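Values in this document were obtained by computation on a predicted structure and should not be read as measured data.
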Amino acid sequence: MSDWDRLRVVLALHRGGTLSAAARALGVDHTTIARRLEGFERDLGAPLFERGPEGFAATSLGAAVLAAAERMEGEVIGLLRRLDGAAGGGLTGSVRLTTTPTLAAALFAPALGTLLRAHPGLRLDLVGDDRRLDLSRREADLAVRLSRPDLPGLVARRLGAIAFACYAAASDPRSFEAQSFLAYEDPSGSASLQHYLAALALPARTTLRSNTMTALLAAARAGLGCAVLPCIAAEGDPALRRLPAPRAMPVLPLWLLYHEDLRRSPRVRATVAFVDEVVTAGRAALVPAGFPFDPA
């Protein structure tokens with residue numbers, strides 16, 4: 001039990017469900033995961049997981065070990081956050097910023113040169129992911145999201161807004177009423193977006209569902225139907241045309257999130273300033289002039 005590597009294996013297996021997923025999370029091969037687990041269970045004299053077609057499920061002993069491992073992990077991560085958030089130290093090291101794939105590509109990536117030239121010792125990990133990475137577990141240091149989580153310990157500040165509209169291929173002559181729909185479906189996504197899609201796209205007219213805006217953008221360009229897309233990615237795209245909808249979707253707020261323990265970190269403060277500048281400079285693309293557009 002004193003071997004932290006073994007406990008990390010237990011946590012990774014519980015969270016990933018398979019040897020391969022645990023191996024990816026820990027940066028080792030799956031045989032290493034299997035060997036460490038087998039050694040741990042042999043020393044304990046009892047299994048920690050039941051192996052089944054759905055993956056690894058914790059036994060009662062495994063659940064007790066997991067609870068202890070999660071408490072230990074939380075203490076270690078909390079200590080590292082507090083050390084990282086100390087005012088001392090320079091602008092060197094890495095900061096992990098997560099946001100949606102669309103915002104990562106269209107808003108932040110083109111502006112990174114300014115930040116990195118101003119702080120050559122800083123390394124930014126830009127993670128475009130629709131999943132809500134856990135800021136408390138240091139899966140990311142900062143997040144720019146379309147919804148505000150109600151979690152203790154997080155600093156949440158509204159940055160601005162982002163607009164969405166309906167788009168189809170420029171070569172697709174069908175009217176809004178004649179279109180088939182390409183729907184965004186992500187359980188962790190914005191409730192406002194889901195409600196708007198449900199009101200517009202009748203199930204009988206929905207021909208494709210995807211959990212990524214990137215896939216819907218590509219499908220709309222290919223003429224497969226109409227998708228509700230972020231204006232920053234679709235407005236002005238020569239392969240797309242905006243379709244007036246019966247009613248416009250309200251703009252969604254953009255939230256900046258980070259753990260309060262990192263408030264004084266020089267790296268985090270520099271990245272927060274960068275995010276503020278980029279969002280301010282991109283307001284005209286995030287919410288185009290004339291929005292909300294005229295309804296059909």
Side-chain angles (χ1 to χ4, degrees), residues 99-112 114 128 130 144-148 157-186 189-202 205-210 212-256 274-296:
T99 188
T100 67
T102 297
L103 290 177
L107 188 64
F108 291 109
L112 280 178
T114 302
D130 285 317
V144 176
R145 290 292 172 194
L146 308 187
S147 58
R148 175 181 182 175
R157 176 163 58 82
R158 181 164 175 166
L159 288 169
I162 183 171
F164 289 73
C166 295
Y167 296 88
S171 58
D172 183 349
R174 290 176 294 173
S175 66
F176 180 88
E177 291 72 20
Q179 285 285 338
S180 54
F181 279 89
L182 315 173
Y184 181 71
E185 189 171 77
D186 179 11
S190 164
S192 298
L193 178 57
Q194 301 294 350
H195 293 158
Y196 181 71
L197 290 171
L200 281 187
L202 298 175
R205 294 171 61 189
T206 300
T207 57
L208 172 68
R209 296 181 187 276
S210 177
T212 71
M213 287 290 180
T214 306
L216 295 183
L217 182 67
R221 283 174 175 156
L224 299 185
C226 173
V228 179
L229 298 170
C231 294
I232 189 172
E235 192 72 15
D237 187 326
L240 296 172
R241 67 184 180 96
R242 184 175 3 104
L243 286 179
R247 61 186 178 88
M249 177 178 164
V251 297
L252 297 182
L254 282 179
W255 293 94
L256 173 65
F274 162 75
V275 169
D276 281 332
E277 291 169 5
V278 170
V279 172
T280 299
R283 280 178 181 166
L286 288 164
V287 183
F291 188 89
F293 306 117
D294 292 336

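Looking only at side-chain heavy atoms (C-beta outward), V251 and L286 stay at 4.5 Å or farther from each other. Considering only heavy atoms from C-beta on, Q179 comes within 4.5 Å of D172 through its side chain. Counting heavy atoms from C-beta outward, L103 and M213 have side chains that stay 4.5 Å or more apart. For the pair L182 and S210, the minimum side-chain heavy-atom distance is 4.5 Å or more.
Note: F108 and F274 have tilted aromatic rings, judged against thresholds of 30 and 60 degrees for the angle between ring planes.
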Show me, pair by pair, the donor-acceptor contacts under 3.5 angstrom made by side chains of residues 158-170, not counting sequence neighbours?
{"residue": "R158", "atom": "NE", "partner": "G160", "partner atom": "O", "Å": "3.3"}
{"residue": "Y167", "atom": "OH", "partner": "E235", "partner atom": "OE1", "Å": "2.5"}

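Closest non-hydrogen pair, T102 versus P230, comes out as CG2-CG, 3.9 Å. Between G128 and A104, the shortest heavy-atom contact is CA-CB, 3.9 Å.
Residue pairs meeting the side-chain hydrogen bond (donor to acceptor under 3.5 Å, both in side chains) criterion with at least one member in residues 214-231, sequence neighbours excluded: R221-D237.
The CG atom of L146 sits 6.0 Å away from the OG1 atom of T100 when rounded to the nearest 0.5 Å. How far OH of Y184 is from OG1 of T212: 8.0 Å, rounded to the nearest 0.5 Å. Summarising the geometry, atom CG belonging to L254 is positioned 14.0 Å from atom CZ belonging to R148; distances are rounded to the nearest 0.5 Å.
With hydrogens and angles disregarded, no donor-acceptor distance shorter than 3.5 Å links the side chain of R247 to the backbone of Y196. The main-chain N or O of E177 is found under 3.5 Å from a side-chain atom of R205 such that the two form a donor-acceptor pair. Under a 3.5 Å cut-off, the side chain of S180 and the backbone N or O of L224 do form a donor-acceptor pair. In this structure a side-chain-to-backbone donor-acceptor pair under 3.5 Å is present from T99 to V144.
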